[in-house]
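Note that the coordinates shown come from a computational prediction; the quantities given were computed from them, not determined experimentally. Numbered from 1 within each chain, the chains take letters A, B, ... in sequence-line order.
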Amino acid sequence: MVENRSGEGAATHAADEVRYNPAEIEPRWQQIWAAQPDLYAAEAAPKPGETGKPKYYVLEMLPYPSGQLHMGHVRNYAIGDALARYMWMQGYNVLHPMGWDAFGLPAENAALKNNTPPREWTLSNIAAMKRQMERLGLSYDWQTEVTTCLPEYYRWNQWFFIQMFNKGLAYRRKSKVNWCPECATVLANEQVINGRCWRHEDTLVEQRDLEQWFLRTTNYAQELLDGLDKLDGWPEKVRTMQRNWIGRSEGAAVEFAMEDPATAPEDEKHLTRHAGTHVLPAHDDVKASGEKVAVFTTRIDTIFGATSLQLAPGHALVKTLTAENPRLAKEVEDLIEQQKKARETGDIGAIEKHGVFTGRYAINPFSNERLPVWVANYILADYGTGAIMSVPAHDERDFEFAKKYGIEMRIVVLPRRTVEVETDGPQETLLPYTEEDSLLINSGDFNMLGCVEAQHRMAAYAQEHGFGQATVSFRLKDWGVSRQRYWGTPIPMLYCEKDGIVPVPEDQLPVILPPQVEITQQGGSPLGRVPEFVNATCPKCGGPARRETDTMDTFVDSSWYFYRYTDAKNSSAPFDPAKVAYWFPIDQYIGGVEHAILHLIYSRFWTRVMRDLGLVKNDEPAARLFTQGMVIKGGAKMSKSKGNVVSPDDMIARYGADATRMYALFAAPPDRDLDWQEDGVAGVSRFLGKVYRFVMRHAAIARGVTAQATGSDPASQQLLRKLHQTIRKITQDFGGRWHFNTCIAAVMEMVNTFTAADEKIASGEVPPATVAVLLENLVLLLAPFAPYIACELWQELGRQGDLLRAPWPQFDEALAKEDELEVPVQLNGKLRSVVRVAAEADQDTIRDAALADEKIKAAIEGKEVVKVIIVTGKLVNLVVK
RNA sequence: GCCCGGAUGGCGAAAUCGGCAGACGCAGCGGACUUAAAAUCCGCAGGCCGCAAGGCCGUGGGGGUUCAAGUCCCCCUCCGGGCACCA
């Protein structure tokens, strides 16, 4: 026992006390854990009829193996690890896996730079990061590790691809694609941010025409949208972002017949292009040319106000029209150029509207009028039908365009009030008028209908007459998955002269990525330069075939990796559906908000595809999602260019893994950004030292004592009360808010209370049984946040068994309850005094105590108490005059 | 432009349901221990006035509701994120 007699508290025993030395404790436990490969292994699903423990699948997003963990990772994993350990202690069967998102461009860049093969580079990075994770003491079951760049994994990407191909969900078409010159590959729309590459913020994305493989995400657009309503375990922010991304809009498609130019009236044929600024009435000879233009509109109710059609420069009909009109071709060329430029610079919203009249007319199927057909740079070829009816009076963009070119405006919708009193005021000042809570005018048989009703009726009318119908348009596109890269999953397709596109037979999977491929900066797929890879045999006819040389987008890998964890070594299927049925959905998924749309929409899509293949029963991959905040330093995101990167290795070397992890939880609530301050880590480390010394000082008392003591002596009562209040707080937080910062603060407070009783503990005034309870529970409460020190102290207390499976402490409301309360007393809302009353005191007692208080008595002297407000257990407010 | 967050001491933050603003920690100051330092321990600590008792002010700004507002309502400023010619 250490000398502890000083009147100055614990001052004197410090000198000869054991020091907290994480550099010694942590590697030792790391070895002990490493020697038990099953330590973090989940139990198998119970057999039918058996009732096992409840399952809990906690998952953190798998990292890209860059070679170095950064603080964002540490924070992400500290959250997941605390939760996993807590759930273990709560008696759950926990699946807590980790893997590597191991394909991707940086490996090729590294190959170029250091002449290291991508595979070697990647695998050595994985080894390095795995060491860091182990050093952090994270509770992953490495027996379920998934590495996406290994054939054992990516063969199932290929297998899924073939299943999708067979179901028509994977298809090939030529399309304009986003091309990043830096990556020398195609990017999905999702990977283009303000016209720039998501990996290269300074690189403008170009448009190229290429044959590409697509997955039909649009088949699931509606379901992906509807599913969001049920995902109440996901942050509203993420759901909103996905809703915006899917971008559903209801409207109608309407076909406009093109007028045969030969039937235009004689006198019109000499008109200049400005003829195109006015709607012309139908004439007897009007005849359709056979060409049709479909437009998509959300405001079919305004169709009588349409005064032109506007085509996207890339619209199919524009090609026909320009073929016979060189002057037009030249002008359209300019429009395309403007649009391209705007898209590349990301200023699509700010581009100056330009357009050109084609000289042709289309016939409005509702009014039979002839509308001039234009080509305009503000119309997008890849949304809706690539053509619109322009209603300048009721659409801001059309209004702006029409004003510029002097195109006619026609008011067909007005506020109810205006229509009902038939005012003839200057209605033009209203324009553009876009409200839908309005009535139709100048719209033939549809006059006086409300907009919304008119939309339904007019769509029905269009359908009846065969030139349109109500329809829904989505912003979400099919997922382009082809990449002209080496380091990815080969797309398992063959091209045969005779049989066309043929999938690689399943028994020939995986299509192995050839190991020795020269990586160069020239464009096109590196695999195309490997004849042994390209040249294959057609499985149908046995003749020569050419292998697809593109690889898959790496978001394919991460779309289903978490299913593989449940059955990582399966060599005959991606996974055993029974295992997935047991573990899914993921109970808690944790990662950065930056994946709110890309990864998380693709994953939701993939899950539905697997469901429709009969492999899984769940619709959604994850029941709950948590998005943690960024780690910043000095107000800015950590980045090499800013030079404010803090290395986890440094922190661990200086303060230990426990302190580093715990600081990541302590410095801010997990959903908010965290400002990394090294002094704060030192503070947490000091706290752990205090805990360590406190437990070591009294461990001898606790060792061997197993009493359940609930000590009735005053000292025990006070200490146990604090203990049970703390258990209650942390237990409730794990089940709800996840404010681990205040959980750790609560443990600090508790330890402060305990150390203040140091002498009473040493002297025996606090019974040994109480001491044992305090120390044991302190260690248990620390276990999810600081596993090393917790295990060390658990052993020092002589406790048997694995701390990971030790039951989480139960709180006892009776013990947590205060028997006396301090009740603030306010006068007119201002604090004037505090009185102590019994916890169960009734309102009268509290009032009397307040009025009897000396300070209060003095303050209300000569005044009238108008009202007394008593909030039981909270405060008293006296309203005085 | 639209939609979400956020703004609280010197700093990170707390206040979960409208009820003592600033828990916990960092940095700081004073003290103990020490030949000295480190480590540790004890104490002080929102601002202003005051020897003190105490008083006044205070949660980005302005208004409001209430016995009582960081918290609810209206208006505004700044910061961060998402979407943005999507017909």
For [N] and [X] - does any side-chain N or O of the residue sit under 4.0 Å from the phosphate oxygens OP1/OP2?
| X | N | result |
| --- | --- | --- |
| A/R239 | B/G82 | no |
| A/R686 | B/C26 | yes |
| A/R243 | B/C3 | no |
| A/R737 | B/A15 | yes |
| A/S249 | B/A87 | yes |
| A/N741 | B/A23 | no |

Report which part of the nucleic acid [X] touches: base, sugar-phosphate, or nothing (heavy-atom distance under 4.0 Å, all strands).
| X | value |
| --- | --- |
| A/D679 | sugar-phosphate |
| A/G384 | nothing |
| A/F666 | base |
| A/D398 | nothing |
| A/K633 | nothing |
| A/L878 | nothing |
| A/R832 | sugar-phosphate |

Q) RNA chain B: A/V879 or A/G680, which has the more 5' nearest nucleotide? A)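 Its nearest nucleotide being more 5', the pick is A/G680.
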**Q.** Position toward the 5' end of RNA chain B (nearest nucleotide), A/R299 or A/K237
**A.**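 Checking each residue's closest nucleotide, the 5'-ward one belongs to A/K237.
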Q.
Any salt bridge linking A/D679 with A/R686? Criterion: basic side-chain nitrogen under 4.0 Å from a carboxylate oxygen.
A.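 Salt bridge between A/D679 and A/R686, a charged N being under 4.0 Å from a carboxylate O: no.
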Q) Is A/K353 side chain donor-acceptor paired with the B/C85 base, going by distance under 3.5 Å alone? A)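 Per atom types, the contact qualifies.
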**Q.** No-H, no-angle donor-acceptor pair, A/N877 side chain to B/C67 base, under 3.5 Å
**A.**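 It does, because a donor-acceptor pair links the side chain of A/N877 to the base of B/C67 below 3.5 Å.
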Q: Quick one: do A/E236 and A/R239 satisfy salt bridge (charged side-chain N to carboxylate O under 4.0 Å, His left out)? Show the steps, please.
A: CA-CA 5 Å; A/E236 192 51 52; A/R239 295 197 279 168; 2.8 Å; yes
Q. So A/F401 and A/Y378, would you call those rings parallel, tilted or perpendicular, with 30° and 60° as cut-offs?
A.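 If you compare the ring of A/F401 with that of A/Y378, the planes turn out tilted.
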Q: Report the glycosidic orientation of B/G50: syn if within 90° of 0, anti in every other case.
A: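 For B/G50, whose glycosidic angle is more than 90° from 0, the conformation is anti.
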Q: For B/C57, decide between syn and anti, treating a glycosidic angle within 90° of 0 as syn.
A: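 B/C57: anti glycosidic orientation.
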(Q) Nearest whole Å is fine: how far is B/C85 P from A/Y383 OH? (A)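 Roughly 12 Å, once rounded to whole Å.
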Q.
Nearest 0.5 angstrom please: A/N828 CG to A/I860 CD1, how far?
A.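 A/N828 atom CG to A/I860 atom CD1 measures 11.0 Å (nearest 0.5 Å).
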Q.
Using ring centroids (six-membered ring only for Trp), state whether A/F399 and A/Y433 fall under 6.0 Å.
A.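 Ring centres of A/F399 and A/Y433 not closer than 6.0 Å.
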